[in-house]
Amino acid sequence: MSTITKDIVEHEAPDLFIGGEWKAPHSGRMIASIDPSTEKVWAHVAEADETDVDRAVGAARAALRGPWTQKVTASQRGAMLSKLAELLRRDAKALAMLESRDNGKPLRETLGEVQRAADWLTFFAGAADKINGDQIPFRPDALAYTRREPVGVVGAILPWNSPVSLYSWKLGPALAAGNTVVLKPAEQTPVSALALGKLIEEAGFPAGVVNIVPGFGPVAGAALVAHPGVDKISFTGEHRTAQEIMRGASVNLKRCSFECGGKSPHILFADADLDKALVVATHGAFRSTGQSCSLGSRLFAQRSIYDVVVERMAERARRIRVGMPLDANTHIGPQSSAEQLAKTNAYIALGKEQGARLVAGGGRPAGLERGYFVEPTVFADVDNRSRLAQEEVFGPVLAIIPFETEEEVIALANDVPYGLVAGLWTQDIGRAHRVAARIDAGLVSINTYRPVHWMLPYGGYKMSGLGRENGLAALDEYTEIKTVVVELATNSPADPFAD
Ligand code: ADP
Ligand code: MG
């Protein structure tokens, strides 16, 4: 175990990370974090209130005026991000262990997530000194150019489902572009953010460039949104929270980027390579115990293959090993909180009530009496207008829906308030591109599913979000464009008021 794990586990309650220092919380309060596989409190961390958030924003503003923008070069920012990526790789095991305890995801998944977080930072490290403005041929006797400047202080508000990887989605582009950050992790999973704070310190970022303030949404989160010293909010979470943030952020017209939920269609045409498609569809529907915004939670199967798809998906769902997060054999762990388990169970009950046919799961897995566990669950014959098909469950619950024609499935796929991801399987290239063009989603994959990657822009249509993360497109969300025009002509300007 590296020192970060020891610090977090052995010393009660790590402090807040503000202005490059570890500070006791103003209120003296602690957040008790629960291990969802045992339902027991396993760690305490400091809880930030409005006063702490105000201090963190102050530190971030001071850093923005200081060496970070005045002395540190773009290449040096990149080097610091590279260093941070290297430290994440060094401590991947310890970080993954913390995350598995805090969030309940199996170690094999959290380990992959930490490594991918490092890859994300590496991509943006390389981008830091390639954020160029343009020279514009405005007129021959003028020089016109744009500068891409940091937006300023970024408030990053994160959810509990994939903490470490999402921190890298925000920190990578924000820091590459020269912003400073106040990061508020979710109250359910506050531990790994502070461990990351230790690595940020070690990576050599100037004090105040990144500040970390665990706290509750309506207190610390709302304080960040309301603070006039924050220029932008980058949020991942529920669309209802995003709506509230948008209202709050109107105080100083904060820039907002949101990544919210989804109810993504995964479409199997009759000519799909079913062996491949069903492997991918199973992972797409049940990965992370269903706690992913990009889940392929509505599986559309064309009528002639529908019965086979239902039978095989049910069988595949039953084979998924639900178990303890630290067990190397575990495929999926518990839900991350009692609240999420209750929500998932409520949707399973609703599916039964509303007449869907339960073909796999639906209960608590055998042999797991404690912990927020639920079986991978498959419903067939689901009505696309029913709540089970319209609302995001955020649990391992798949709705299978039959369709007849291409036209019909496009209409069904789009008939939800969300539009984050879509997948479709067919051998017909004309149909593949026709359907891809007509689906309302920020990411459409053909004969694969959800290729989320640092190089690929990612974000939602409709209620799934605002703006894009990942890829070079993410940098647009973290920069302001300033246009500068210089007169080059030697003659006197025309005087419109000369007469
Ligand atoms: P989830 O249901 O997935 O936890 P939420 O949208 O509730 O999604 O939470 C995501 C993040 O938003 C968390 O960090 C949470 O503390 C924060 N949050 C919740 N309510 C607010 C709010 N009113 N203002 C700012 N942040 C909030
Ligand atoms: Mg927890």
Side-chain angles (χ1 to χ4, degrees), residues 16 29 31-34 36 45-50 52-54 56-57 99 102-105 153-167 169-171 181-194 196 211-227 230 232-252 254-263 288-295 297 335-344 346-347 372 391-395 418 420 460 463-466 469:
L16 308 170
R29 280 199 303 269
I31 300 177
S33 194
I34 291 172
V45 304
E47 180 198 328
D49 67 4
E50 292 89 341
D52 300 305
V53 168
D54 182 55
V57 173
E99 201 64 279
D102 213 24
N103 159 293
K105 270 192 209 181
V153 173
V154 174
I157 302 179
L158 280 305
W160 46 263
N161 65 327
S162 303
V164 173
S165 62
L166 295 181
Y167 301 152
W169 290 27
K170 312 279 182 205
L171 291 176
V181 179
V182 178
L183 189 154
K184 193 205 82 65
E187 52 269 41
Q188 296 89 343
T189 54
V191 173
S192 58
L194 294 170
L196 185 68
N211 308 273
I212 302 174
V213 287
F216 289 87
V219 182
L224 206 46
V225 171
H227 203 296
V230 175
K232 174 191 165 76
I233 295 287
S234 177
F235 166 81
T236 302
E238 273 185 78
H239 72 267
R240 281 182 205 87
T241 312
Q243 289 172 312
E244 209 169 316
I245 288 175
M246 213 171 195
R247 280 190 289 272
S250 71
V251 280
N252 59 334
K254 284 184 180 65
R255 283 79 185 112
C256 287
S257 52
F258 299 140
E259 205 260 276
C260 305
K263 194 74 190 181
S288 307
T289 321
Q291 299 172 148
S292 160
C293 44
S294 56
L295 220 60
S297 50
Q335 302 263 253
S336 290
S337 67
E339 198 185 359
Q340 179 55 51
L341 176 65
K343 189 175 164 197
T344 301
Y347 277 103
Y372 308 131
E391 298 174 17
E392 186 177 46
V393 177
F394 229 56
Y418 296 110
L420 191 57
M463 297 293 260
S464 286
L466 185 65
E469 298 196 278

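Heads up: numbering here begins at 1 and tracks the sequence. In listed order, ligands and their atoms are each counted from 1.
E392 contributes no side-chain N or O that, together with a main-chain N or O of K263, makes up a donor-acceptor pair within less than 3.5 Å. The backbone N or O of V57 lies less than 3.5 Å from no partner atom in the side chain of D54, so there is not a single donor-acceptor pair.
Pairs of residues two or more places apart, or lying in two chains, that qualify as salt bridge (Lys or Arg N to Asp or Glu O under 4.0 Å) and include a residue from residues 233-244 are E238-R240.
Shown here are the ring pair (Phe, Tyr, Trp, His ring centres under 6.0 Å) partners of Y167, two or more places apart in sequence or in another chain: there are none. Partners of Y418 by ring pair (Phe, Tyr, Trp, His ring centres under 6.0 Å), not counting sequence neighbours, listed by chain and number: H239.
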Ligand-protein N/O pairs under 3.5 Å (ligand 1):
from: ligand 1; atom 1: 2 (O); to: E238; atom 2: OE2; distance (Å): 2.7
from: ligand 1; atom 1: 4 (O); to: W160; atom 2: NE1; distance (Å): 2.7
from: ligand 1; atom 1: 6 (O); to: E238; atom 2: N; distance (Å): 3.0
from: ligand 1; atom 1: 6 (O); to: T241; atom 2: OG1; distance (Å): 2.6
from: ligand 1; atom 1: 14 (O); to: L158; atom 2: O; distance (Å): 2.7
from: ligand 1; atom 1: 14 (O); to: K184; atom 2: NZ; distance (Å): 3.0
from: ligand 1; atom 1: 16 (O); to: K184; atom 2: NZ; distance (Å): 2.9
from: ligand 1; atom 1: 16 (O); to: E187; atom 2: OE1; distance (Å): 2.5
from: ligand 1; atom 1: 16 (O); to: G217; atom 2: N; distance (Å): 3.2
from: ligand 1; atom 1: 23 (N); to: E244; atom 2: OE2; distance (Å): 3.2

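Residues E50 and H227 fail the side-chain proximity criterion, which asks for heavy atoms closer than 4.5 Å.
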